[in-house]
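In what follows, residues are counted from 1 in the order of the sequence shown. When a ligand or atom number is given, it counts from 1 through the structure's own listing order.
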Amino acid sequence: MAQYTRVSGSVGLITLQNPPVNALSAAVRQGIVDTVKRALGDPKVKSVVICGQNGIFCGGADIKEFGTNMSGPPLVPMIHAIEAANKPVVAAIEGSALGGGLELALGCHYRIAHSKARLGLPEVSLGLLPAAGGTQRLPRLIGVPAALDLITTGRHVTAAEALQLGVVDRVAEHSTVDAAVKFALSVAAKSLDARRISTYPCPRPSDFDALFEGAMQKVRQSARGAIAPVACVQAVRAAATRPYLQGMEREKELMATLFTSGQARALQYCFFAQRAVSKWNMPNGARWDTSKPRPVHKAAVIGLGTMGRGIAVALAQTGMSVVAVETQEKQLMEAKQAVSGMLERGAKRRGLTPAALHKISYSHDIQAVADVDLVIEAVFEDMALKKKVFQQLSAVCKPGTFLCTNTSALDVDHLASQTRNPELVVGMHFFAPAHVMKLLEVVYGPQSSPQAVATAMQLGKKMGKVSVAVGNCRGFVGNRMLKPYIEQAFFLLEEGATPELVDRALEEFGFPMGVFRMSDLSGLDVGWRVRKGDGLVESGSASGQPTRLREGRRYSPLGDLLCEQGRFGQKTGRGWYQYDKPGSRVARSDPWFHSFLEEYRARHGLVARRIDHQEVLERCLYVLINEGFRILEDGIAAGPEDIDIIYVFGYGWPRHRGGPMFYAGMVGLATVLERLEHYRQAHPDVPYLQPCSLLRRLVASGSPPVHRWREVIKKLHSQL
Ligand SMILES: CC(C)(COP(=O)(O)OP(=O)(O)OC[C@H]1O[C@@H](n2cnc3c(N)ncnc32)[C@H](O)[C@@H]1OP(=O)(O)O)[C@@H](O)C(=O)NCCC(=O)NCCSC(=O)/C=C/CCCCCCCCCCCCC(=O)O
């Protein structure tokens, strides 16, 4: 899997061949070892060029091999042999040189990159570190601060930045291989003494201790419990403090710990899950590879509140024409200003001119959308209002226009039934802020056409979103699972916990925010409105039921009581916490709330007990996972990967824990089942704690690994 030819008389050209990204599989590594040996042994060959086929140098080690018994030549000695060669070796980098691919290039004596190439050491995002010498060679080549940045963030750099940093020696505008061959001819007779990076001294910055302390603090703060970034800092420190070979020993030692860790498994699972969700399929058999999307040249957004503005920005940034409609004149003017500001700031961040500004036209008249290819409705979350908008859209739009709703929970089928062509209707559920958050749930109903789903999925990709196709039900996947999670958090307060305790447990688990801080941020009134709509908010005495019971189920009115006091969270300066002023972001413990909670417990005869972090995690997370199993059982999500990607990209689930369904597998399905049974017994009036039959079935089938769940689900569906 590495082709060898001699070109221009004296250059040995080695081409890596392993589509689609020329990953360094065992066969490729063997191919490199063999071809390098051949080139070095051929007296006619004076220099060597290594490149990759199909315009990509190398995507790094073959991640699929990591979970297997790895065989074939190891990377470290292979790269060492290239560096030690007595003929110049030039890396010709097109497309990407990532991870082991860049480490291979760092072992070469020269690196030439195409101007469009991207380079990086993204191992940290897979729970690993660059263990083929990357942590030792890169700081020697570009200095400790820059190496720390690249290795701990895993970010990819452009060829221009790589040149500026000193990662590459030259940038080519045209054929990189031709440029590399020409260059190889020119350096054939030159000494290699100064070209072997491992022999360079590692520059020791004057503020050495402060630099590493700062780096460690930074990764600990942002890693939310992930161990790989910390190990990356430790490995780079070894480069700066030890001779090369000892540094390599340290790199190996740290890698050994990471390699077998659950975090690495979780992160590698996420890598493949993210790619798997783009290969969507619907219960009716429609699939990503047989459904052709229709091109969208012009799109519209209806309603320019917070969500509509973000969607308009995300659409305009794709370069398409956008019509933004808001019927209220004042709101329209404000939105115009806000959207322009967002586009200008976005362009400035990326060093571009805000061309997208001129792509948006504004109107207060819905007739303005008559000629668009696709509309995204983002009006207030109210079924009557949305129904009216869909009826209008169906009358106004040209035939074939796709009509999408950005509802977060309402019935997409019902909206579709308001139109002449329900097959053109899908949900496009964005997450706030819509121009920033990566997740998009594409919601199909029984009538949605495969083409409508394919078009929404493709549009999501164009907007830079990770799009997941899901079925229609209340709350779809993400919000449906959130409901029992929040409910448990409320119950825990009744039983003796505080918002601080619950949030701390969840934040230590890895969420950026616990449930109460998140509720304060998004606004308590959002859930209140939904509960009111569901008829749950009336006081218990009026309906003859005790206040903490609704429709025979346990219910906590705590959130409703706070809303009655005007405590809507950050925007009112009071919620589960207090804030310095409305709009402030720093949550402070609120003595008022603590005494309110005590009074509340006393009024209801509740005796507070000690609740620990373990119980918070089990109650909140297992009930959420249980709902995930129900979603799989109902066929709303096609597989566990869809749920996990939704939670990682939309709800702050820590990526190094792989998503809720993967996490359940890591904890052990039997354990999750046993704990749910335990809590269900203790709280028989909480139906969400009743273990789902799919979970029972998986446990009965021996708790297969997550990639085998689909077989069990398929069997279950065939028996229904
Ligand atoms: C930018 C990309 C390269 C391309 O992006 P794009 O064009 O959008 O395409 P994708 O859709 O992303 O990908 C296309 C398909 O290719 C598959 N793919 C991509 N990269 C890889 C890969 N590296 N391996 C396998 N497969 C890959 C992808 O899944 C798609 O296929 P499908 O659609 O899913 O079927 C982009 O793909 C990208 O960013 N790729 C990842 C780049 C990356 O992260 N590279 C780093 C890999 S890790 C690495 O290189 C590590 C190096 C050091 C290893 C040292 C190993 C030593 C092991 C020693 C262990 C010691 C432990 C001892 C323990 C003990 O004691 O027992």
Side-chain angles (χ1 to χ4, degrees), residues 1 16 18-29 32 52-80 93-107 114 116-138 150-151 153-158 228 231-232 235 248-265 267-280 288-289 461-462 464-467 639 641 645 655 707:
M1 298 262 241
L16 313 188
N18 185 14
V21 301
N22 298 323
L24 296 163
S25 62
V28 173
R29 297 196 305 275
I32 296 173
Q53 72 168 178
N54 295 334
I56 175 161
F57 181 70
C58 176
D62 187 342
I63 308 166
K64 288 191 186 98
E65 277 185 358
F66 287 167
T68 66
N69 284 334
M70 286 173 72
S71 60
L75 272 179
V76 170
M78 180 192 94
I79 293 173
H80 181 74
I93 300 170
E94 289 178 333
S96 302
L98 299 172
L102 179 55
E103 292 177 291
L104 167 65
L106 291 175
H114 188 266
K116 295 226 167 80
R118 296 184 82 85
L119 300 88
L121 293 174
E123 286 87 340
V124 68
S125 60
L126 298 168
L128 304 173
L129 53 75
T135 67
Q136 304 305 300
R137 284 197 179 89
L138 195 63
L150 293 197
I151 293 172
T153 62
R155 74 184 178 89
H156 302 181
V157 296
T158 59
C232 286
M248 286 298 287
E249 277 305 307
R250 181 70 176 137
E251 180 188 272
K252 187 173 164 189
E253 191 181 287
L254 289 162
M255 177 65 155
T257 312
L258 297 179
F259 198 73
T260 48
S261 70
Q263 292 197 1
R265 274 176 53 203
L267 286 158
Q268 288 156 31
Y269 163 81
C270 281
F271 175 84
F272 289 114
Q274 187 179 338
R275 282 148 183 86
V277 299
S278 62
K279 296 172 182 164
W280 55 273
W288 66 282
D289 50 353
K461 191 171 175 189
K462 244 180 139 175
K465 306 293 175 199
V466 178
S467 310
E641 297 85 356
I645 289 303
R655 199 178 163 98
H707 65 270

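Residue Pro130 places no heavy atom under 4.0 Å from ligand 1. The closest approach between any non-hydrogen atom of Val21 and ligand 1 is below 4.0 Å. Taking 4.0 Å as the cut-off, Arg118 does not count as a neighbour of ligand 1 on heavy-atom distance.
Listed by number with element, the atoms of ligand 1 under 4.0 angstrom from any heavy atom of Gly99 are 46 (C), 50 (O). Close approach of ligand 1 to Leu98 is summarised as follows: ligand atoms under 4.0 Å from at least one heavy atom of the residue are 1 (C), 3 (C), 39 (O), 42 (C). Near Pro20, meaning under 4.0 Å from one of its heavy atoms, ligand 1 places the atoms 14 (C), 15 (C), 16 (O). For ligand 1, the atoms closer than 4.0 angstrom to any heavy atom of Phe272 are 29 (O). Within ligand 1, counting atoms from 1 as listed, the ones closer than 4.0 Å to a heavy atom of Ala131 are 53 (C). Each of the following atoms of ligand 1 lies closer than 4.0 Å to a heavy atom of Gly60: 50 (O). Each of the atoms 19 (C), 20 (N), 29 (O), 40 (N), 41 (C) of ligand 1 lies under 4.0 Å from some heavy atom of Phe271. Every atom of ligand 1 with a heavy atom of Asp62 under 4.0 Å away is listed here by number and element: 24 (N), 25 (C).
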Show, in sequence, the C-alpha distance, side-chain angles and deciding distance for Ile32 and Leu16, and conclude whether the side-chain contact (heavy atoms from CB on, under 4.5 Å) test is met. CA-CA 8 Å; Ile32 296 173; Leu16 313 188; 3.6 Å; yes
Mind running side-chain contact (heavy atoms from CB on, under 4.5 Å) on Met248 and His80 for me, showing each step along the way? CA-CA 11 Å; Met248 286 298 287; His80 181 74; over 6 Å; no
Between Leu104 and Phe57, does a side-chain contact (heavy atoms from CB on, under 4.5 Å) hold up when you go through it step by step? CA-CA 10 Å; Leu104 167 65; Phe57 181 70; 4.1 Å; yes
Take Leu150 and Leu121 through the test side-chain contact (heavy atoms from CB on, under 4.5 Å) and record every step on the way to the result. CA-CA 7 Å; Leu150 293 197; Leu121 293 174; 5.7 Å; no
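With Asp289 contributing its side chain and Lys279 its backbone, the two residues share no donor-acceptor pair below 3.5 Å. A donor-acceptor pair under 3.5 Å is absent between the side-chain atoms of Glu641 and the main chain of Val277, judged by distance alone.
Per-atom contact check: atom 49 (C) of ligand 1 touches the protein, criterion being a heavy-atom distance below 4.0 Å. There is a protein heavy atom less than 4.0 angstrom from atom 39 (O) of ligand 1. There is no protein heavy atom closer than 4.0 angstrom to atom 6 (P) of ligand 1. Distances from atom 9 (O) of ligand 1 to the protein include no heavy-atom value under 4.0 Å. Counting only heavy atoms, the protein gets under 4.0 Å from atom 52 (C) of ligand 1. Note that atom 67 (O) of ligand 1 has no protein non-hydrogen atoms nearby, at separations under 4.0 angstrom. Closer than 4.0 Å to atom 20 (N) of ligand 1 lies at least one heavy atom of the protein.
Arg137 and Ile79 make their closest contact through NH1-CG2, 3.5 Å (heavy atoms, listed as atom of the first residue, atom of the second, distance). Residue Met70 comes nearest to Glu65 through the heavy atom pair CG-O, 3.4 Å, listed as atom of the first residue, atom of the second, then distance.
At the top of the distance list for atom 57 (C) of ligand 1, counting protein heavy atoms only, stands Met255 CE, 4.4 Å. Protein heavy atom at the shortest distance from atom 24 (N) of ligand 1 is Ile63 N, 2.9 Å. Protein heavy atom at the shortest distance from atom 26 (N) of ligand 1 is Lys64 NZ, 4.0 Å. Nearest protein neighbour of atom 65 (C) of ligand 1, counting heavy atoms only, is Thr260 CG2, 4.7 Å.
Residues Val21 and Ser96 fail the side-chain proximity criterion, which asks for heavy atoms closer than 4.5 Å. Put simply, the side chain of Arg250 does not reach to within 4.5 Å of the side chain of Thr135, judged on heavy atoms.
By the criterion of a heavy-atom distance under 4.0 Å, both the backbone and the side chain of Ala61 are placed next to ligand 1. Contact annotation: for Leu126 versus ligand 1, heavy atoms closer than 4.0 Å belong to the side chain alone.
Annotation: cation-pi pair Arg265/Tyr269 absent, no NZ/CZ under 6.0 Å from the ring centroid and within 45° of its normal.
The heavy atom nearest to atom 32 (P) of ligand 1, considering only Glu251, Arg275, Lys279, is found in Lys279.
Environment of NE2 in His156: crowded, with over 12 heavy atoms of neighbouring residues, nucleotides or ligands closer than 6.0 Å.
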